[in-house]
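Below is one structure, written out as structure tokens, with a few remarks after it.
Naming: A, B, ... by sequence-line order, numbering from 1 per chain. This structure is a prediction, so every number in the text was calculated from the model and none was measured. The figures that follow rest on heavy atoms only: side chains count, while hydrogens, waters and symmetry mates do not.
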Amino acid sequence: MYKTHTCGELRQTDAGQTVTLAGWVHRRRDHGDLIFIDLRDRFGLVQLVADPETSPKAHAALGQVRSEWVLQVVGEVRSRPAEMVNPHLATGEIEVVATAVTVLNQSETPPFLINKEEPVDENTRLKYRYLDLRTPRMQRNLTLRHQVIKFIRDYLDEHGFLEIETPILFKTTPEGARDYLVPSRVHPGMVYALPQSPQQLKQLLMVAGIERYFQIARCFRDEDQRGDRQPEFTQLDIEMSFVQREDVMDLIEDMYTKMIPVVTPHKRFLRTPWPRLTYQEAMDRFGKDNPDIRFGLELVDITDLAKGSGFSVFAGAVEQGGHVRGINVKGQGGYSRKQLDALTDYVRQHGAKGLAYIIVEESGELRSPITKFFSEDETKAILERMAAEPGDLLLFVADKPAVVYDTLGRLRVHLAEELSLGDPDVLGFCWVIDFPFAFWDEEEKRWDPSHHLFTSPLPEDKALIDTAPERMRGAQYDLVLNNNEVAGGSIRIHDQALQAKVFSLIGLEKEVAEQRFGHMLEAFQFGAPPHGGIASGLDRLVMLLADESNIREVIAFPKNQNARDVMADAPSPADAGQYKDLHIKLDLPEEKK
RNA sequence: GGUCCCGUGGUGUAGCUUGGCUCAACAUGCCGCCCUGUCAAGGCGGAGAUCGCGGGUUCAAAUCCCGUCGGGACCGCCA
């Protein structure tokens with residue numbers, strides 16, 4: 001070993017010891033005679049000091065070094081006098097008097113500062129990712145990610161789970177997201193697909209009698225990027241046999257409830273046990289199936305009051321089967337006309353025709369462009385339903401139910417951001433259950449499963465598949481944390497007859513189903529146990545625990561928004577011979593001139 | 001496929017609205033000299049950007065216009 005101790009571990013009690021350290025020059029303070037160097041390794045910082053009188057060679061060597069050079073230093077640990085203790089440093093009570101210095105490597109001046117937390121252009125960070133990863137922020141994030149995964153592995157191991165790897169080269173499934181394809185050399189014109197998730201394989205492991213499976217699984221989806229979406233990402237993938245949905249939910253809840261105090265002790269749960277909302281309740285109260293429950297601003301239904309009222313915009317919307325719902329923005333009656341216009345623009349961008357408002361002045365007077373259309377009683381009823389008090393701002397949208405939910409749900413989150421309502425250290429975990437089994441796809445004229453093809457209806461709703469599929473609920477559950485879906489799963493269908501009915505409901509023809517999922521259907525004929533599972537997006541979870549707003553910050557080598565790796569410059573063209581081996585002829589789009 | 005924002009020394013920004021006083025300012029980093037207790041060390045000095053790229057308007061463009069490239073956020077998409 002190049003070192004006897006790490007840079008972060010030396011304390012007062014080590015004083016007098018001769019130690020050998022190795023690490024990077026984090027910062028140097030050259031006083032001409034005395035030289036101080038902060039030496040950094042992953043475990044911390046320690047101050048080296050070189051005195052020309054006692055060890056001229058070490059002093060001369062440290063006079064030459066620059067930021068990010070790699071050093072090995074032999075020296076003696078010395079207590080610092082009380083007035084020179086650095087309380088900001090774990091090793092601040094001591095310093096190491098250098099007696100021998102070996103330069104293990106020099107370094108170019110880095111393109112950005114590693115020893116300072118200042119914003120750097122993200123492209124530059126990604127291009128020099130190996131330097132970016134030296135920063136305290138990234139080391140912190142990678143450490144947290146490791147701790148999360150380690151806790152999960154230990155916990156699931158203790159609970160009888162087996163970690164099993166599944167193939168990266170698998171079969172394409174045109175349902176769902178776009179696949180990343182890998183052309184076959186041996187089979188001309190044929191492709192493997194990288195898994196969007198190990199969904200089928202984990203179910204087959206249940207047929208295989210594994211009973212309790214998990215995997216830290218890499219998943220691939222060729223879709224456009226977002227702050228919380230990368231082309232490849234990591235899921236905690238779990239599948240269990242002989243379980244009902246509560247068993248799966250309880251497991252995850254117990255695991256994460258125990259994990260978070262260990263990995264992020266400064267975070268606290270909004271509520272335990274975690275609330276379980278039905279889909280309908282989530283929509284009615286928050287307008288979304290992935291709500292942020294840390295703050296109020298809940299939606300209030302005034303459809304019944306708007307119906308037949310004097311305000312034709314509201315009444316007309318109800319007439320056509322729409323809803324009218326509002327949000328009481330408590331104490332924000334001071335919003336200016338300009339701010340209200342901005343909010344109106346915001347909901348318009350998302351499909352609402354407009355945003356009605358009523359401001360209750362401190363005096364109790366109403367300021368609103370719409371109250372004149374209501375009778376006094378109608379206005380009173382609305383204020384009462386909205387629990388309006390002086391100083392409040394009431395906002396309303398009237399439209400088709402889907403538009404009302406969507407726009408008010410977004411507006412609620414938007415307002416909370418504007419008003420800084422969500423405490424980042426509070427974790428508002430909740431479960432959303434009882435999803436509709438399928439949504440009607442108006443364009444395709446067919447039912448579209450809300451989770452996936454193998455999700456079972458709720459046991460009590462199974463019979464509805466023949467009579468009223470629109471009322472059937474799925475045995476699906478989503479775990480939501482502060483406006484983000486962090487896990488989702490379901491109890492699966494293990495009954496062939498039911499599976500056939502589901503395929504038929506969603507318009508998947510028997511031959512096509514056979515071709516794509518023949519291996520699944522065949523497997524289910526050999527004693528498939530009742531089973532279900534869940535998958536949890538680890539990047540997203542770690543991102544939220546790390547207080548980051550982009551999953552790139554918790555992935556060592558992420559892609560940019562354009563799905564490029566700017567460090568390695570991937571994707572890149574292959575050699576002509578490689579294409580030939582794969583039987584590929586290119587048909588590239590014309591170069592734009 | 002669409003909408004919006006950004007692009008100025010190595011890094012982070014100012015300047016742009018209202019073109020000329022700017023061969024571009026500040027901070028930090030870098031280089032050199034001085035300095036024995038600093039820890040974002042300090043002092044003095046120095047180098048470093050033809051303002052993403054191309055075209056246009058103009059006597060004159062970092063600044064105005066058009067195009068283009070790159071980056072970011074979002075919508076669509078992501079069962």
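Across all strands shown, A:N550 has heavy atoms under 4.0 Å from sugar-phosphate atoms exclusively, and none from any base. Note on A:Q349: nothing from the nucleic acid sits closer than 4.0 angstrom, heavy atoms only. Within 4.0 Å (heavy atoms only), A:S450 reaches sugar-phosphate atoms of the nucleic acid but no base atom. Backbone-only engagement by A:N560 is indicated by non-hydrogen atom pairs under 4.0 Å involving sugar-phosphate atoms exclusively. As judged by a 4.0 angstrom heavy-atom cut-off over every strand, A:D448 is placed among residues touching the sugar-phosphate backbone only. A:R78 comes within contact range of at least one nucleobase, with a heavy-atom separation under 4.0 Å. Contacts of A:R125 with the nucleic acid, taken as non-hydrogen atoms under 4.0 Å apart, are absent. A:S67 comes within contact range of the sugar-phosphate backbone alone, with a heavy-atom separation under 4.0 Å but no base atom that close. Within 4.0 Å of A:R66, counting heavy atoms only, lie sugar-phosphate atoms of the nucleic acid but no base atom. If you check every strand for non-hydrogen atoms under 4.0 Å, A:E175 touches nothing. Note on A:G92: nothing from the nucleic acid sits closer than 4.0 angstrom, heavy atoms only. Counting any heavy atom pair closer than 4.0 Å across all strands shown, A:E95 reaches a base atom.
Here A:H31 does not lie in a stacked arrangement on the base of B:G37, lacking the combination of planes under 30° and ring centres under 5.5 Å apart. The side-chain ring of A:F36 is stacked on the base of B:U38, judged by centre separation under 5.5 angstrom and plane angle under 30 degrees.
A donor and an acceptor atom never sit less than 3.5 Å apart when one is taken from the side chain of A:R27 and the other from the base of B:U38. Taking only distance into account, the side chain of A:D224 meets the base of B:G76 through a donor-acceptor pair shorter than 3.5 Å. No hydrogens or angles were tested; on distance alone, nothing pairs the side chain of A:R221 with the base of B:C78 as donor and acceptor under 3.5 Å. Side-chain N/O atoms of A:R410 and base N/O atoms of B:C74 include no donor-acceptor pair closer than 3.5 Å. If you check distances only, the side chain of A:R564 never reaches the base of B:G72 with a donor-acceptor pair under 3.5 Å.
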Residues 32-41 of chain A, side-chain donor-acceptor partners within the protein, below 3.5 Å, at least two apart:
| residue | atom | partner | partner atom | Å |
| --- | --- | --- | --- | --- |
| A:D38 | OD1 | A:R29 | NH2 | 3.0 |
| A:D38 | OD2 | A:R29 | NH1 | 3.0 |
| A:R40 | NH1 | A:H26 | ND1 | 3.0 |
| A:R40 | NH1 | A:E68 | OE2 | 3.1 |
| A:R40 | NH2 | A:E68 | OE1 | 2.9 |
| A:D41 | OD1 | A:C7 | N | 3.4 |
| A:D41 | OD1 | A:F43 | N | 2.9 |
| A:D41 | OD1 | A:G44 | N | 3.3 |
| A:D41 | OD2 | A:K3 | NZ | 2.8 |
| A:D41 | OD2 | A:C7 | N | 2.9 |

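On the P atoms, B:G54 is 26 Å away from B:U18, given to the nearest whole Å.
In this structure, the side chain of A:Y213 does not engage the main chain of A:M206 through any donor-acceptor pair within 3.5 Å. Looking at A:D461, its side chain does come within 3.5 Å of a backbone N or O of A:R473 through a donor-acceptor pair.
The separation between A:L45 atom CG and B:A40 atom C1' is 13 Å, rounded to whole Å.
Proximity note for A:L34 (side chain, C-beta onward) versus B:U38, B:U36, B:G76: the nearest is B:U36. Nearest to the side-chain atoms of A:H452 among the listed nucleotides B:U38, B:U28, B:A79 stands B:A79.
Ring orientation note: the planes of A:F517 and A:F503 are close to parallel, at an angle under 30° on the 30°/60° scale.
The base-pairing partner of B:A73, taking Watson-Crick or G-U wobble contacts with both distances under 3.5 Å, is B:U3.
Residues forming a ring pair (Phe, Tyr, Trp, His ring centres under 6.0 Å) with A:Y128 (at least two apart in sequence, or on another chain): none.
The phosphate of B:G70 (OP1 or OP2) has no side-chain N or O of A:N123 nearer than 4.0 angstrom.
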